[in-house]
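So that the names make sense, note that chain A is the first sequence line, chain B the second, and so on, each numbered from 1. Bear in mind the structure is a predicted one, so any value in this text is a computation, not a measurement.
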Amino acid sequence: MTTPTPLPIYDPAELEPRWRERWAVDGIYQVDNDDPREPYYFLTMLPYTSGDLHIGHWYAIAPSDAAARWHRMQGKQVLFPLGFDAFGLPAENAAIHNDTHPKQWTYQNVENMTSQLQTMGASFDWTREFATSDPEYYRWTQWWFLKLYEHGLAYRAAADCNFCPGCGTVLANEQVNRNADGIGVCERCESIVEAKQLEQWMFRTTAYADELLEFDGIDYPEPIKLMQRNWIGRSEGADISFPLGREAAGQDRITVFTTRPDTLFGCTFIVLAPEHPLVAELTTPERRAAVEAYVAQARRQNEIERQSSTGEKTGVFTGAYAQHPFSGDDIQIWIADYVLLSYGTGAVMGVPAHDERDFSFASERGIPIPVVIAPPDWDGDDLAEAYTGPGVMVNSGRFDGTDWETGKLTVADALAQRGLGGPTVSYRLRDWLISRQRYWGAPIPMIYCESCGIVPVPEGELPVLLPDDAEFLPTGASPLERHAGFVNVDCPQCGESARRETDTMDTFMCSNWYMYRYVDPHNHDAPIDPQLARQWLPIDTYTGGAEHAVMHLFYARFFAKAARDMGILEIDEPFARLFNQGTITKDGYKMSKSRGNVVNPDDWVGRFGADTVRLYLMFLGPWEAGGDWDDSGIQGQWRWLNRVWNLALRKVETSDGESDGTIRRATHTMIGKVSQDIERFRFNTMIAAMMEYTNELQSIRDRGPVDTTAWQEAITSLLLCLAPSAPHIAEELWHRLGHDRSIHEQRWPAYDESLAQAETVTVVVQVNGRLREKLELTPGTAQAAAEAAARATARVSDQLTGTTVRRVVWVPDKLLNFVAS
RNA sequence: GCCGAGGUGGCGGAAUGGUAGACGCGAUGGUCUCAAACACCAUUGGGCGCAAGCCCGUGCCGGUUCGAGUCCGGCCCUCGGUACCA
């Protein structure tokens with residue numbers, strides 16, 4: 001053993017700020033649009049300005065930074081920007097609690113979060129940062145709204161909201177609590193929340209329902225694609241109209257949507273959503289009291305609750321009847337809360353024999369259950385449960401004998417011929433309601449004029465500024481409505497006095513297009529320059545939490561398609577590749593102030609430095625699965641970085657000229673593993689591979705002299721592989737080893753597969769599938785030789801004694817299994 | 001309820017249908033130290049055995065296979081989303 005010379009101490013508190021300052025001065029992460037390198041746009045979801053940064057932000061950002069840095073080391077010019085999602089409800093809530101202003105609260109948070117984030121040493125191009133509440137930003141959010149309106153993708157319609165009669169305020173779903181009876185009450189004053197209809201702005205997302213089902217040419221996780229497809233919920237079926245024999249609410253029929261027109265002859269009742277427009281007029285006088293009570297009850301529940309009841313389905317009879325479109329039989333009309341007005345036509349036909357829910361609904365109420373699709377081996381008796389499988393139509397008039405699949409089409413066609421419906425496609429997806437009766441959001445740039453009607457604010461007058469002095473406390477009116485200076489405006493068309501729209505936009509509208517603004521953040525003439533858009537879009541990789549699977553990610557896809565069709569962007573999809581990280585927990589629970597399990601990154605950066613915290617977050621578990629923060633677990637990363645430090649700086653005994661295959665094999669095995677893992681976001685096994693490698697280098701060094709060239713390659717490779725994950729220590733060691741240029745401007749080490757080849761392979765020997773022996777064989781050993789070697793071992797021969805080998809399974813270089821009895 | 005994901009040692013986790021538990025934390029024992037901390041070394045799924053070794057073991061029940069943590073069917077539980085939290 002050599003006598004270890006005293007080494008400098010690894011001191012992250014000293015070296016980390018020093019390098020961050022140097023990187024900022026050198027501007028190595030700033031993107032230049034004229035750079036000849038291949039552009040790569042790596043984006044992580046913008047954080048909400050929620051106050052202090054907690055470890056969850058680091059969990060989202062640090063691995064993204066590592067991946068972005070890796071792409072940079074592949075020789076690309078990487079755009080890796082960050083900004084803040086700044087409008088929204090939490091700012092108003094916090095402002096009320098802390099007696100401050102949402103704007104002040106928000107920008108204070110932007111400042112805090114920016115400085116906390118900077119300690120991470122992430123490779124952001126900070127020159128592109130903005131908050132969505134900046135007037136220069138929301139000016140363009142408003143501009144996009146005008147474009148969508150111009151192209152018929154924004155329209156006004158009546159829509160429900162949660163209204164608290166006590167506060168006189170519209171509540172977010174989150175602000176509605178449930179009382180002991182399961183009734184929604186205001187979180188502040190506990191008044192019972194009412195459903196109130198308001199005229200609001202909608203975006204026509206359903207116009208893109210079919211295109212949004214397709215994910216061709218983009219790389220999304222399968223679960224996300226599934227969730228979005230299910231969210232759209234396309235089903236083919238038929239509309240079927242049941243004549244009423246009279247007029248009600250301007251209608252002479254009730255139209256239902258069904259995916260099973262083949263079962264039409266088994267329909268013995270119709271169920272309307274409680275809020276269906278026909279209910280009031282159809283209900284007979286003697287049923288009115290019961291129906292009205294039921295409607296009132298249903299209106300107090302939200303959709304999840306209405307669909308959640310596990311047991312008996314509730315419902316009431318309206319006393320009215322419609323006629324079956326073919327038989328003319330009277331069909332009872334019911335209302336039930338499990339039917340939603342927003343899906344299909346807000347009415348369903350009840351076919352108890354062939355639908356489980358209809359079966360229990362009818363059984364409990366003595367409604368007939370005629371069989372119209374014959375189950376296999378059906379004896380003609382009543383069914384004990386609904387039959388939903390395939391079969392042949394029976395009791396269906398002229399359709400008898402038709403196969404059910406064919407029947408779906410022929411019945412629908414026959415209905416179309418009679419003018420009583422026909423084939424149609426229904427979607428679960430609804431248009432997007434973007435109006436918010438709140439203060440802290442981007443004002444919707446519209447004006448209402450007595451004589452001209454709805455008039456858009458002229459583009460040149462944007463932004464419609466949010467007044468700082470508006471009342472945002474819950475006082476009984478929509479906040480901006482009470483601000484005379486905001487509301488009163490001259491009509492841009494006729495000049496007469498008019499009123500501004502006082503609703504603001506859903507914050508998901510702000511996050512619909514922020515990714516485009518980063519490309520050209522200081523443009524005063526357009527949201528984005530078309531040439532730069534062509535250069536940088538779509539986003540190459542997008543990362544963020546899977547909780548955004550269907551809302552943000554879905555809206556952003558809709559928006560990109562709309563922007564394309566409006567001729568503003570040339571992309572079909574915003575994100576070429578998507579990756580979702582999981583949630584970080586503490587003691588198994590999501591972090592929250594009330595639970596008191598919030599981990600503050602600053603504490604840990606203070607103790608171990610940013611690199612250790614970054615590594616620990618990446619090492620915790622697979623990124624997509626999330627992980628549980630353990631206060632003592634981080635020790636392991638700290639120890640490891642100290643080992644790397646010592647390994648890199650300690651002098652080794654060398655023996656020049658003698659090539660060391662062991663070192664090079666270890667080096668290239670590590671490079672191969674790390675390269676593969678970082679590309680697939682498998683940071684935990686990536687770090688494990690580097691740790692194993694470090695352990696191996698240590699033991700090789702401790703065994704005796706090492707080859708100089710191989711050792712140099714080993715240390716260099718380790719630092720380069722570590723650079724994306726632990727950028728500060730890698731940079732410091734890189735310079736201490738005599739390099740001048742930043743390690744972050746180096747190329748990723750090349751992997752040589754031939755050097756990584758092992759000299760021997762372990763072949764597992766099993767007897768009847770149980771492990772009995774392991775053989776070290778040269779790769780490519782033939783089965784006969786392996787078999788002989790295995791039989792020669794005591795363990796295997798003992799196991800085979802007294803048995804007959806029936807079969808031998810041979811997996812070359814892997815496994816030998818004797819199947820014996 | 002519906003849609004999606006997950007369940008493996010004391011803990012976080014690893015494992016193209018082929019050695020279950022890599023890597024790390026913790027724990028135990030040791031080295032160093034006046035002592036402690038740090039660091040380093042060793043052991044560490046459970047049971048039986050002096051040992052060689054044998055048996056059991058990846059939420060539960062069943063199936064496919066020479067072989068199942070992995071595939072199939074049925075359950076239980078946890079987490080995310082459910083359209084105004086973002």
Side-chain angles (χ1 to χ4, degrees), chain A residues 45-50 85 87-90 93 159 161-162 170-176 205 221-231 233 302-310 338 342 428-438 506-508 511 545-552 554-555 580 582-583 585 588-590 616 619-622 624-637 639-640 642-643 646 682 684-685 687-692 695 762-774 794-795 798 806-809 811 814-820:
Chain A
M45 286 178 194
L46 83 178
Y48 183 75
T49 51
S50 54
D85 188 17
F87 275 138
L89 183 65
N93 283 341
C161 60
N162 304 312
V170 174
L171 301 178
N173 289 340
E174 197 189 49
Q175 297 174 298
V176 179
T205 44
E222 284 306 321
I224 303 291
K225 291 194 230 175
L226 255 179
M227 278 189 271
Q228 291 200 3
R229 288 200 184 103
N230 292 333
W231 184 254
N302 66 26
E303 275 180 29
I304 294 173
E305 288 151 357
R306 282 170 57 166
Q307 306 252 291
S308 291
S309 54
T310 42
Y338 67 84
S342 56
R428 211 187 69 93
L429 180 68
R430 313 202 285 257
D431 279 341
W432 174 18
L433 179 121
I434 60 115
S435 293
R436 296 292 180 267
Q437 295 71 39
R438 290 218 194 89
D506 180 358
T507 54
F508 279 125
S511 54
E547 69 270 21
H548 294 294
V550 282
M551 302 199 65
H552 163 59
F554 188 79
Y555 293 140
N580 296 111
T583 314
T585 55
Y589 296 99
K590 202 169 173 176
Y616 182 55
F619 182 71
L620 273 180
E624 73 270 23
D628 196 64
W629 176 276
D630 175 8
D631 286 350
S632 59
I634 191 170
Q635 282 285 350
Q637 304 305 313
R639 286 179 196 144
W640 177 51
N642 276 282
R643 285 205 298 276
N646 294 331
R682 298 301 299 250
N684 56 332
T685 50
I687 291 169
M690 288 192 278
M691 288 177 140
E692 261 180 280
N695 294 343
T762 305
V763 173
V764 171
V765 184
Q766 297 180 338
V767 177
N768 290 327
R770 290 173 160 278
L771 174 74
R772 296 300 174 188
E773 192 55 88
K774 294 176 196 176
R795 287 182 71 188
D798 282 358
R806 309 278 173 196
R807 188 181 157 190
V808 179
V809 179
V811 183
K814 265 263 159 78
L815 170 138
L816 190 62
N817 185 13
F818 293 96
V819 183

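- Within 4.0 Å of A:L815, counting heavy atoms only, lies at least one base atom of the nucleic acid.
- Counting any heavy atom pair closer than 4.0 Å across all strands shown, A:W629 reaches no nucleic acid atom.
- A:N684 has a side-chain polar atom (N or O) that falls below the 4.0 Å cut-off from OP1 or OP2 of B:A14.
- Between the side chain of A:D506 and the backbone N or O of A:R436 there is no donor-acceptor pair closer than 3.5 Å.
- Residue-to-nucleotide proximity on RNA chain B shows that, of A:D628 and A:A689, the 5′-proximal contact is made by A:D628.
- Residue contacts for A:H552: at a heavy-atom cut-off of 4.0 Å it reaches no nucleic acid atom on any strand shown.
- Here the side chain of A:N817 pairs no donor or acceptor atom with the backbone of A:V809 at under 3.5 angstrom.
- For the pair A:F87 CZ and B:C85 P, the interatomic distance rounds to 18 Å; values are reported in whole Å.
- Contact annotation: A:R428 side-chain N/O to B:C2 OP1/OP2 distance is not under 4.0 Å.
- Within the 4.0 angstrom heavy-atom criterion, only backbone atoms of the sugar-phosphate kind lie near A:V550; the bases stay farther away.
- Annotation: side chain of A:Q637 is in contact with side chain of A:M691 (closest heavy-atom distance under 4.5 Å).
- Base orientation of B:G9: syn (glycosidic angle within 90° of 0).
- In this structure, A:E547 reaches the bases: a heavy-atom distance under 4.0 Å links it to at least one base atom across the strands shown.
- Within the nucleic acid shown, A:L429 comes within 4.0 Å of at least one base atom, counting heavy atoms only.
- At a cut-off of 3.5 angstrom, counting only N and O atoms as typed in the model, there is no donor on one side facing an acceptor on the other between the side-chain of A:R806 and the base of B:C66.
- Separation of atoms CD (A:E773) and CG (A:L816) is listed at 11.0 Å; rounding is to 0.5 Å.
- Backbone-only contact: A:M691 has heavy atoms under 4.0 Å from sugar-phosphate atoms and none from a base.
- Put simply, A:N230 has no side-chain N or O that comes within less than 4.0 Å of OP1 or OP2 on B:C2.
- Of the two residues near RNA chain B, A:I634 and A:A625, the one whose nearest nucleotide lies more 5' is A:A625.
- A perpendicular orientation is assigned to the rings of A:W629 and A:Y616, their planes being inclined by more than 60° (bins at 30° and 60°).
- Between the A:T585 side chain and the A:G627 main chain, a donor and an acceptor come within less than 3.5 Å of each other.
- With hydrogens and angles ignored, no donor-acceptor pair closer than 3.5 Å exists between the side chain of A:Q175 and the base of B:C85.
- In this entry the distance linking CD1 of A:I687 with C1' of B:G13 reads 13 Å, nearest Å.
- Taking 4.0 angstrom as the limit, A:N695 places none of its side-chain polar atoms (N or O) nearer than this to OP1 or OP2 of B:A22.
- Residue contacts for A:E624: at a heavy-atom cut-off of 4.0 Å it reaches no nucleic acid atom on any strand shown.
- Residue-level contact check: A:S435 touches the bases, meaning some heavy atom is under 4.0 Å from a base atom.
- At the heavy-atom level, A:F619 lies under 4.0 Å from base atoms of the strands shown.
- For A:Q635, whose side chain is taken as the heavy atoms from C-beta onward, the closest listed nucleotide among B:C23, B:G26, B:G18 is B:G26.
- Within the nucleic acid shown, A:P622 comes within 4.0 Å of sugar-phosphate atoms alone, with no base atom in reach, counting heavy atoms only.
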TODO: Please step through side chain to side chain contact (heavy atoms under 4.5 Å, CB included) for the pair A:R643 and A:N646, ending with a clear verdict.
DONE: CA-CA 5 Å; A:R643 285 205 298 276; A:N646 294 331; 5.8 Å; no
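- Taking atom CZ of residue A:R430 and atom C1' of nucleotide B:U82, one finds them 10 Å apart after rounding to whole Å.
- Using C1' as the reference atom, B:U16 and B:C77 are 30 Å apart when rounded to the nearest Å.
- Between A:R807 and B:C66 there is a side-chain polar atom (N or O) within less than 4.0 angstrom of OP1 or OP2.
- Annotation: side chain of A:Q175 is in contact with side chain of A:N93 (closest heavy-atom distance under 4.5 Å).
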Task: Dot-bracket summary - RNA chain B, pairs being Watson-Crick or G-U whose distances fall under 3.5 Å, with | when paired to another strand - done: (((((((..(((.....[....)))((((((.......))))))((((....))))..(((((..]....))))))))))))....
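- For the pair A:Q766 CD and B:A68 C1', the interatomic distance rounds to 12 Å; values are reported in whole Å.
- Between the CG atom in A:N162 and the CD atom in A:E174 there is a gap of 12.0 Å [rounded to 0.5 Å].
- If you check every strand for non-hydrogen atoms under 4.0 Å, A:F508 touches a base.
- Looking only at distances, no side-chain donor or acceptor of A:D85 sits under 3.5 Å from a matching main-chain atom of A:L46.
- With contacts defined as side-chain heavy-atom distances shorter than 4.5 Å, the pair A:F508/A:I434 does not qualify.
- Rounded to an integer number of Å, the gap from A:N580 CG to B:G4 P is 15 Å.
- You'll find the side chain of A:W640 reaches within 4.5 Å of the side chain of A:I687, heavy atoms only.
- When rounded to the nearest whole Å, the span between CZ of A:F554 and P of B:A86 equals 19 Å.
- Within 4.0 Å of A:I224, counting heavy atoms only, lies no atom of the nucleic acid at all.
- If you check distances only, the side chain of A:N173 never reaches the base of B:C84 with a donor-acceptor pair under 3.5 Å.
- Put simply, CG on A:D630 is 10 Å from C1' on B:G24, counting in whole angstrom units.
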TODO: At under 4.0 Å between heavy atoms, which parts of nucleotides 40-57 of chain B does protein reach? Answer with one letter per nucleotide, 5' to 3': B base, S sugar-phosphate only, - none.
DONE: S------------SSSS-
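- Summarising the geometry, the separation between CD on A:Q228 and P on B:A83 is reported as 16 Å, rounded to the nearest angstrom.
- Checked against B:U19, B:A86, B:G26, the side chain of A:L89 finds its nearest nucleotide in B:A86.
- Taking 3.5 Å as the limit, the base of B:G24 and the side chain of A:Q637 contain no donor-acceptor pair of atoms between them.
- Remark: A:R229 CZ to A:R428 CZ distance equals 15.0 Å, nearest 0.5 Å.
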